[in-house]
Each structure stands twice: as structure tokens, then as C-alpha cells.
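All remarks here apply to the structure that follows.
Chain letters run A, B, ... following the sequence lines, proteins first and then strands; every chain starts at 1.
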Amino acid sequence: MGNENKSEFAQNWEELKAVNDWFRQQDFDLEEGLEKLKLGEELVKKCQKRLEEIDNQFTEVEKSLGR
Amino acid sequence: MSADGGDKMQLGLGIGKLQDKKGKEKKKDRRQRDRVLSVAEFVEELNAILTPKQAIVLGEVSQVSSRNSYTFFYLKDKDKEVSLNCFVWQRRLESLGIDLRKGMELKVSGFPKIYPRTGSLTFEVEGIGLIGEGDSKIAFEKLKARLESKGYFAPERKRPLPPFVDCIGLITSRYADAKTDFLEHLGNFGLQIYFADVRVEGSRAVKNIVQAIKFFNENVSEVDVLVVTRGGGNLESLQAFNSEDVARAVYGSKIPVLTGIGHEADQTITDLVADVRASTPTHAARILSDPWKLAVREIKTIRGEMLVNLQKSVANRQEKIEKIGLDILTTFRKAQNERQQNLDNLTGDLATSFGKQLETIKKLFQEQKEKLELASPLNRLRQGYSIVKLGDSVVHSVRQLSVNDILKIKLFEGMAVSQVKEVRSDGE
């Protein structure tokens, strides 16, 4: 079922939030910071692409259910 | 043949055909009437005509006769002396939490049927709706208690909804305001919505809703959540959502179920079994759309926040490096100063010590000088002593001399030459 696995967006979002939280710590290695920023930018791009999809798809199923 | 003639012929043919058809039907009826059927065959034919005649009948319970697995009761017309013998399976009553009692006003759905064994006409009840509010409430409480004891409402079995719902299975009536309200407040986030149109009240509602839940579970695996929703109503109109069949379908659903039934105060059995309950269809929509709305807002700030934090870290690092540099310099200077101080102190000590030593040496030197001066032969000569030499040798003793020796006598500030006239030792 779709609900058993997180959607790709949910996974990317979670990872992005984790990267952002990492940047909130007091001290971090600058080289690692640059790597994390690169990763963060990729994740922002992926998430933004999904968030730009605005049209909902509406499909009616099994018309006989209503009878 | 003229056009008119042709039309008349067509009409004639048509009427002729109709007359033929009617004739054949009459012959068929006569044949039917003349058939000799067994009792079973006749009852079967009657049931073939009767059972498709589904109906919803309103009446008052006048007599109840219960057995283990089924109940017979009479439903009488409120105004006329007409009754209908009804049959209902006990399970059906239990699933609705209904205890049939004389005087209860009911709306029953089902079909008529002649029971072969007795030949009596009975209305086979498929759905029951309680009309009286009091009776409905009693039925609700009874069913609620029974399902609660079976663990249907246990909090530990409730599943959380996915953080971002992509695909929704919407179960409601196409004519309901609930559908419009839900879709309007859901917003546009590129979601996939599968819609199953069902009756949300009336005799067919329970079956429809159960079928829809089963359909999604078996055929639409990508659905993240099932939304079961309808607008507000009285206890009677919400009855389908207080049935054990719907509760069982929700309980057994592999897909999490979110309900938004009626208003805040309308808590149904289905709400209690559901994984998440929203108070209204609008609230249900907001539960699903809020995470997306938040993400749209947050994505704008997250990138900036990461950059700012990185820049802050660089600035902090720089500041620390400068501070460390300054600390090193300070420490070095302090050490240098201390060394200088120590050196100065040492120099001072050395100078003092040397000076003292020098004084001591001077003193010793002076003493030695004085001693030397005292011991100096010149000093002796000054005192009146003389040095007598015979040739190159210094005369230490009278025994070195003979008469007529020529002697050199060194005196203070000069010398004399003399000749020995007499030699005499002490004691002679």
C-alpha cells in the first residue's frame, strides 16, 4: 500500500530538514558543511519541483458502487 | 403504385403485424393459464416476480418473535389496519445495535418473498432505520459498548497518516455538500484523488460504503488514505456510520481511514474505529493539505537558512582563528617579557655579583701589592739594606769572602765598589 512506504517527496523533505538541522549545530567542519550544502541544494530542487505540481488528478472509480 | 398507395400499404402491414403480435400474446396467456404447475413451481414463479421488488417501508413494530438466529416481527401501518410480516436475521439487528420492541417506529428496506415451507408472504429485511431519536441512541450505545469490548476503538491500533499524502481514496456521495467542501479545502498540490460515489444514508448506504472500502483495499494499492465523509444530519441519517458492517470494514482496512462525518458533535461508530477522525469534511481536507501548505512556505526559507548558518560558521571560525592568533601572540609576548625580565634580573645579579667579586679581587690585589711592596728588595734598599755581590753572585755569608775581594754593593738609588780588608765571623 502507498502508506507503508514514505513517498519520494516525504523522504526528500525529511532528508532536507535533517540537513537544515545539521547546519544549526554550533560547530561543524567547513568541508563537511560545503558537502552538506551541495546535498541540501539538490534536495531543495527536487522538493521544489514536486511542490510546483498544483493540478490534482480526479478519477471516479466503480460507478456501480452507488447503485 | 402511387406514393399514397405505398404509405397505405405500409400502414396496413404495420397494423397487421400488431394484430398478429396481440394474437400471439393472447395465445401465450391462455397457454400459461392452462399450465398445471406444482406448488413449488408456482411459489418459485411468484418469488421470481416478488423478490426484485425492493422497497422501503415505514411502520410501527407491533409484535416481535425472536429465535436464536432470526426474528419475525409485524410492521403495521400507522393509519390503516394493514400489517406486514417481516423477517430479519439476528446478526443484522446486532450489527445495528437494535433491540426490536413493540411500538418502535422503523423504516425497513428489503424485498417480499413467499417462504416455500409455509407459503406465507414475508418481507425480508435487509436494512433498518430507527425513526425515534431515543431508540437510535440506545442502539448506538449498545453497539458502541460491544465493539469497544472487542477492541475496535483501541488507541494502539490506530495508524498515523503518512506525513505527505499523495493519493486519496474519497468515499462519499457525488451529490453531497461534503464532497464539494472537501475538494474545495483540499487545495491544489498535485494530488491523485480516486472517488467512489456511495449512498451516505438510506437502506443501501451500509452496503455501498462497505463495498467502496473493500474496492480500494483490493484494487487501488497506491492510495495513502481513505477519506470517508458526509455532511451533518440527525441520528437517523447518520445511521449507516453507526453500523457494525461499516465499522468492521474500517477496522479491517489495510489503508488508514480518515473520517469527516457530520459536525464536531456528531461522533459516530465509524469515527471511533477510524485511524484519524476529523470533525467535518473541511477539517478532513485541512488535515491532508496542511503539511503541503507548510512545505510550500518552508521551502522558501530553508535554503537561505542553510547558507546563513554556513556563513555564520565561517565567520565564527574566522573569529576563533583570530582570537587564537591573538592569544598566541599575547602568550609569546608575555613569555618574551618574562624572559627579558629574567635576563635583566640575571644581568643585574651578575653585575652585582661581579662587582662584589671585583671588589674582593681588588682588595686581594691591593693586599698582595702591599705585601709585595713590603717584600720588595727596593723597599729593603730604601730601609738602608744593601745587596752585596761578588762577581755575579750575591754574597749571603761572610764565609764567601776573602781579603782583597772586590765587591759590588747595590744601595738604594745606586751602587758602590769596595775591597775586602778584613773578614770576621760573628762570635770571633
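Side chain of B:Ser237 to backbone of B:Glu201: no donor-acceptor contact under 3.5 angstrom is found. Proximity of a side-chain donor or acceptor of B:Asp275 to a complementary backbone N or O of B:Leu258 within less than 3.5 Å is not detected.
Ring geometry for B:Trp292 versus B:Phe189: interplanar angle under 30°, hence parallel rather than tilted (30 to 60°).
For residues 236-258 of chain B, every residue pair satisfying the ring pair (Phe, Tyr, Trp, His ring centres under 6.0 Å) rule, not counting sequence neighbours, is listed here: B:Tyr152-B:Tyr251.
Looking at B:Arg199 and B:Asp197, a side-chain N of the basic residue comes within less than 4.0 Å of a carboxylate O on the acidic one, giving a salt bridge. The pair B:Lys207-B:Asp245 does not count as a salt bridge, with every side-chain nitrogen at least 4.0 angstrom from each carboxylate oxygen.
Within the 4.5 angstrom heavy-atom criterion, no atom of B:Lys312 approaches chain A. Within the 4.5 angstrom heavy-atom criterion, no atom of B:Ile171 approaches chain A. The contact between A:Phe9 and chain B is made entirely by side chain atoms (from C-beta outward), counting heavy-atom distances below 4.5 Å. In this structure, chain B has a heavy atom under 4.5 Å from the backbone of A:Asp55, while its side chain stays farther away.
With chain B as the partner, the residue from A:Arg50, A:Glu53, A:Lys17 showing the most heavy-atom pairs under 4.5 Å is A:Arg50. Each of A:Glu41, A:Glu52, A:Gln48 has some count of heavy-atom pairs under 4.5 Å with chain B, and the biggest count is that of A:Glu41.
Nearest heavy-atom pair across B:Asn188 and A:Ile54 is CB-O, 2.7 Å. Taking all atoms of both residues into account, the shortest heavy-atom contact from B:Leu170 to B:Phe216 is N-CZ, 4.2 Å.
In this structure the side chain of A:Glu15 reaches within 4.5 angstrom of the side chain of A:Leu39, judged on heavy atoms.
For residues 303-311 of chain B, heavy-atom neighbours of chain A at less than 4.5 Å comprise B:Arg303, B:Glu305, B:Met306, B:Leu307, B:Asn309, B:Leu310, sorted by residue number.
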